[in-house]
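The next block holds one structure in the form of structure tokens; read it before the comments.
Quick caveat: nothing in here was measured; it's all calculated off a predicted structure. Every number for a ligand or one of its atoms is a count from 1 in the order of the listing.
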Amino acid sequence: MIEKLDKIKRNFHAETKKVSTINDIEQLKIKYLGRKGIINDLMKIIPTLPSEQRSLFGQQINLLKTDVTNIIEEAHKRFHSESSSKVKKELFDITLPGKHPFIGKKHPLTQTIDDIKDVFARLGFDVAYGPEVELEYYNFEALNIPTDHPSRTDFDTFYIKNDVLLRSQTSTVQIREMEKKKPPIRIIAPGRVYRPDTVDARHSFMFHQVEGLLVDEGVSFADLKGVLNQFIKTYFGQDVQMRFRPSFFPFTEPSAEVDISCSICGRKGCSVCSYSGWVEILGAGMVDPNVFKAVHYDVEKYSGFAFGMGVERITMLKYCIDDIRLFYENDIRFLSQF
Ligand code: DAH
């Protein structure tokens, strides 16, 4: 009988070496430890044995049963830990495409201001800034804007108190710079301006301008044309044409409004250019002697030109944007296109 037990033991060990799936282990368990399994069958033999052999045989079967149970449990555990680490490995799939971190961008208006700064930097212009809360003197008086000028009323300017206001134009920076420095002066001044306009597709109570000022001995209108032509061709493209129309600003004489050929329709006529083929992009002119007098510059010795442009307007023309409000709504679907 003992030999029979040894044989069963050897068979069991041989069979454990062949298991490769959890199902094989289950089958082995049923075969040996099941109700109709090999070990139970052996138990049934005990009562048939001579009484002196029963206890030894019983002990041997119990040893075999413990052995088999332990080995099967071990196999179970090993199998579970192997398959779970396999699952873990599979969760980390190196062939998956990586996650793109969200990269922020500059606001389109900031981009335009940067582009304008770049063009003028190459022409030797420095960048100057002035306060948005400004004295009436810098916004009007020093710029030769008479006391009864309509732009001075609170229909056109936000007043904070008597002589303090939110600047309505960046031309204020012309005066502040000329007060600080002697010619030659070559600056551009980007910044926010404020006007009590009703908001619609083309108007906003706050928008951005870039002012330009060049003062030196012997500066002429031809210099103004040359600089603006250079800017327009670089910013809008070599094919874009420029034209000057006579105009009036209190701080320049003569004054002009500058148009460019409509970059949307190529001068064929469209709703952006009101079917004229041209769109106005800035005001400009030769600095009025009264402005020089306000900053105590010698009007016999110096001359200069100035210009001012709307940043929103230029950006709208360049990228075919038809509503100014899009710039201020912070809608990521709009902003991410630039
Ligand atoms: N300040 C003017 C405005 O806001 C724009 C302007 C026109 C600026 C002519 C200038 C200039 O420097 O010479 O409408």
Tyr328-Glu312 side chain donor-acceptor pair, cut-off 3.5 Å: yes

Under-4.0 Å salt bridge between Lys106 and Asp114: yes

Atoms in ligand 1 with a heavy atom of Phe249 nearer than 4.0 Å: 7 (C), 9 (C)

Ligand 1 atoms in contact with Glu211 (distance to a heavy atom under 4.0 Å): 8 (C), 10 (C), 12 (O)

NZ (Lys233) with more than 12 external heavy atoms under 6.0 Å: yes

Heavy atom of Glu257, distance to ligand 1 below 4.0 Å: no

Pair Phe158 and Phe205, ring centroids less than 6.0 Å apart: no

Modelled atom types, side-chain donor and acceptor of Ser204 and Asp197, under 3.5 Å: no

Lys7 with Glu3: basic N within carboxylate O range, under 4.0 Å: no

Under 4.0 Å to a heavy atom of Gln174 - the qualifying atoms of ligand 1, by number: 12 (O)

Single-linkage hydrophobic cluster, 4.5 Å side-chain cutoff, Met286 and Val173 together: no

Aromatic ring pairing Phe305/Phe125, orientation class (parallel under 30°, perpendicular over 60°, tilted between): tilted

Atom indices of ligand 1, in the order listed, that fall short of 4.0 Å to a heavy atom of Ala306: 12 (O), 13 (O)

Taking atom 11 (C) of ligand 1 as the reference point, the nearest protein heavy atom with its distance: Phe251 CE1, 3.5 Å

Under-4.0 Å heavy-atom contact with ligand 1, by part of Phe305 that carries it: neither

Minimum-distance protein heavy atom relative to atom 1 (N) of ligand 1: Gln169 OE1, 2.7 Å

Contacting atoms of ligand 1, where contact means under 4.0 angstrom from a heavy atom of Gln209: 3 (C), 4 (O)

Interfacing atoms of ligand 1 (cut-off 4.0 Å, heavy-atom, Gly285): 13 (O)

Of the listed options Glu253, Arg195, Met309, closest to atom 14 (O) of ligand 1 (non-hydrogen atoms): Arg195

Proximal ligand 1 atoms for Ser171, defined as those under 4.0 Å from one of its heavy atoms: 1 (N), 8 (C)

